[in-house]
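All remarks here apply to the structure that follows.
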Amino acid sequence: MIDSKLLRQSPADVKANLARRGFTFDAAAYAVLEEQRKTLQVDTESLRNERNSSARQIGKAKSQGEDVAPLLVAVKDLGDRLDASEARLQSIQAELHTIELDLPNLMHDDVPEGNSEEDNRELRRWGDVPEFDFKAVDHVDLGAGLGLLDFDAASRISGSRFTVMHGPLARLQRALIQFMLDVHTIEHGYQEVYVPYLVQEQALFGTSQLPKFEEDLFKTSGDTPYYLIPTAEVPLTNLVREQILDADSLPRRYVAHTPCFRSEAGSYGKDTRGMIRQHQFEKVELVQMVAPADSNDALEALTGHAEQILQRLGLAYRVVILCAGDLGFGSSKTYDLEVWLPGQNNYREISSCSCCTDFQARRMQARWRNPESGRPELLHTLNGSALAAGRALVAVMENYQDKDGNIRIPDVLVPYMNGLEVISKKV
RNA sequence: GGAGAGAUGGCUGAGUGGUCGAAAGCGCUCCCCUGCUAAGGGAGUAAGGGCUAAUACCCCUUCGAGGGUUCGAAUCCCUCUCUCUCCGCCA
């Protein structure tokens, strides 16, 4: 959420910032509601004050054995007036809250103009795009050729957008995950966390998947439904929900490997081939909680941590900064890492690293005690994939293929493959 | 699944209708005292919100959550959630 004080005091600035995303903030309508809220709240609170002091008086009189009947008459209709006032206040506050939950985060000044993916700006490239002296194929053909990737079985079991992997290929994904977790915990200072994969709606409100993006989520039935996490960002970020952290415990750096579940509603016909876009995929996620002054640097560092994985895997990639129109709802600034996929002859997103400033922290009431003010203040939260394991697997398969359809194991993963150096067809 | 106990401030823990945001202790902060240390004395120490230029006053809300009774609820009633203990079951 955006600071409601800012919405009141500088509605024009907010409107202009959000307009760059293509979001229309009706500042005038908000101001009208806000004016009503102010009057109502002041009235309601003064009525409550009146009630409290009368109640005190009555108590006092009673204890002194005085007749309280006249006092009771005096407050007779106070309760009704208060009830009415409270009800109106509550409804107007709910209206304001609904509007506020709907507003995306304010953008960092660095975010370039633009309406769509096309307008994202490339910042840098790393690595050489591999050149093959044979016709490179995509991971689907590679997997089928090796007999280790089985979309038919997956669709018989679960329908479209699921995968079954066998043997060394299944292990290769596990190796990637293991490798990433090791690098982040041992070298980058992240604490490994095991988290729930089913969460309640309040957690999703905190990270801002709800209320706006319910259709992207899988939800269980029942009185208090659970949602399957679309990313470990949800449970990891909510670790600090309603907490006040000591300044010396910052920055917090958490990493978790989890499966992720996305309904992919609205992506019909998109990436239907292969395992680029699945209902279920594995991901290693980084989350940081930092003091506000540190969040810009933290985003650069976090992005670097994700890049480190690609570099060690020897995968060519580029870094793009998302333009205003493509930026995620809760993010103030996002870098995407796009890995080269020979099968698509293109760069494809494999990581997305975002700084959410205090947007999620405000929804979660996640704070730290600022030693300078002595007061609890909102944290800044960041998250990034490092990496999406399913897509990393695709990238390794396609970039490390040979003319016979075998897959060489990147050096850093060999120890995680029990020494296996090549995944080859059974002879 | 059965039986029972409980949920109060950073922690322990009192409080069964009235000035209780809440005793006491611990912890923490500051001050005093004291060659140093230890001990001792004093003061302060929740969060959210409103108003406001203000992190100054003042006011409102919050004792697991949500309802109810009442002029007034931490305290009484109802519903729910969670935690703990014992038994059973299970990975």
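Each chain gets a letter, A, B and so on, in the order the sequences are listed, and its residues count up from 1. Just so it is clear, the model here is predicted, and its values are computed rather than measured.
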Please state whether the rings of A:H188 and A:Y190 are parallel, tilted or perpendicular, taking 30° and 60° as the class boundaries.
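Aromatic pair A:H188/A:Y190 classed perpendicular.
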Throw together a table of side-chain donor-acceptor distances under 3.5 angstrom for residues 196-208 of chain A, partners on residues two or more places apart or in other chains.
residue, atom, partner, partner atom, Å
A:T207, OG1, A:A203, O, 3.1
A:T207, OG1, A:Q209, OE1, 2.6

Could you work out the separation of [N] and [M] based on their [atom1] atoms and round it to a whole Å?
N: B:G10; M: B:U79; atom1: P; result: 31 Å
N: B:G66; M: B:U81; atom1: C1'; result: 10 Å
N: B:C63; M: B:G44; atom1: P; result: 25 Å
N: B:G25; M: B:U45; atom1: P; result: 15 Å
N: B:C26; M: B:A65; atom1: C1'; result: 30 Å
N: B:G40; M: B:C59; atom1: P; result: 37 Å
N: B:A56; M: B:G67; atom1: P; result: 32 Å
N: B:U75; M: B:G64; atom1: P; result: 8 Å

Requiring both pairing distances under 3.5 angstrom, list the stems that contain RNA chain B and are made of three or more consecutive Watson-Crick or G-U pairs.
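Stems (3+ consecutive pairs) listed as B:1-7 with B:81-87, B:10-12 with B:24-26, B:27-32 with B:40-45, B:46-50 with B:58-62, B:64-68 with B:76-80.
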A:H279/A:F162 aromatic ring centres below 6.0 Å:
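Aromatic pair counts; centres sit under 6.0 Å.
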Is it the case that the ring center of A:Y227 lies less than 6.0 angstrom away from the ring center of A:F218?
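Distance test on ring centres: not under 6.0 Å, no.
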Output the rounded distance in Å from [atom1] ([X]) to [atom2] ([N]).
X: A:D43; N: B:C60; atom1: CG; atom2: C1'; result: 13 Å
X: A:K62; N: B:U19; atom1: NZ; atom2: C1'; result: 15 Å
X: A:R56; N: B:C59; atom1: CZ; atom2: P; result: 9 Å
X: A:L71; N: B:G18; atom1: CG; atom2: P; result: 18 Å
X: A:L40; N: B:C60; atom1: CG; atom2: P; result: 18 Å
X: A:R48; N: B:G72; atom1: CZ; atom2: P; result: 13 Å
X: A:D246; N: B:G27; atom1: CG; atom2: C1'; result: 13 Å
X: A:L82; N: B:U70; atom1: CG; atom2: P; result: 15 Å

How does protein contact run along nucleotides 62-69 of chain B, one letter per nucleotide 5' to 3', with B for base contact, S for sugar-phosphate only, - for none, heavy atoms under 4.0 Å?
--------
Protein heavy-atom contacts under 4.0 Å, written 5' to 3' over nucleotides 46-52 of chain B as B (base), S (sugar-phosphate only) or - (none), form the string -SSBSSB
Does B:C59 have its OP1 or OP2 closer than 4.0 Å to a side-chain nitrogen or oxygen of A:N49?
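The answer is no; no side-chain N or O of A:N49 sits under 4.0 Å from OP1 or OP2.
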Using a cut-off of less than 4.0 Å, is there contact between a side-chain N or O of A:N52 and OP1 or OP2 of B:G72?
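For A:N52, the contact criterion (side-chain N or O under 4.0 Å from OP1 or OP2 of B:G72) is not met.
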Side chains of A:E86 and A:T44, donor plus acceptor under 3.5 Å:
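Looking only at side-chain atoms, A:T44 and A:E86 do not form any donor-acceptor pair under 3.5 Å.
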Would you call A:K283 and A:E285 a salt bridge, taking side-chain N to carboxylate O under 4.0 Å as the test?
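A salt bridge links A:K283 with A:E285.
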Does this structure show an ion pair linking A:R273 with A:D141, if we count only N-O contacts that are shorter than 4.0 Å?
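Yes.
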Flag the pair A:L217 / A:L210 as yes when at least one side-chain heavy-atom distance between them is below 4.5 Å, and no otherwise.
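A:L217 reaches A:L210 side chain to side chain.
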State, with a plain yes or no, whether a side-chain heavy atom of A:M289 is found less than 4.5 Å away from one of A:H380.
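A side-chain contact is absent here, since even the closest heavy-atom pair is not under 4.5 Å.
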A:R253/A:Q191 under side-chain contact (heavy atoms from CB on, under 4.5 Å): CA gap, chis, key distance, verdict
CA-CA 6 Å; A:R253 290 180 168 177; A:Q191 179 168 19; over 6 Å; no
Is there any side-chain hydrogen bond (donor to acceptor under 3.5 Å, both in side chains) pair reaching into residues 154-164 of chain A, and which pairs are they, with sequence neighbours excluded?
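Counting only pairs at least two positions apart or across chains, the side-chain hydrogen bond (donor to acceptor under 3.5 Å, both in side chains) contacts touching residues 154-164 of chain A are A:T163-A:Q278.
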Might you confirm whether atom CG of A:D271 has over 12 heavy atoms from other residues, nucleotides or ligands at distances under 6.0 Å?
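Counting other residues, nucleotides and ligands, CG of A:D271 exceeds 12 neighbours.
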When the nearest nucleotide of RNA chain B is assigned to A:E50 and to A:K60 on a heavy-atom basis, which residue is associated with the more 5' position?
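Nearer the 5' end of the strand: A:K60.
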Under 3.5 Å, which donor-acceptor pairs do the side chains of residues 54-61 of chain A form with other protein atoms, sequence neighbours left out?
residue, atom, partner, partner atom, Å
A:S54, OG, A:E50, O, 2.6

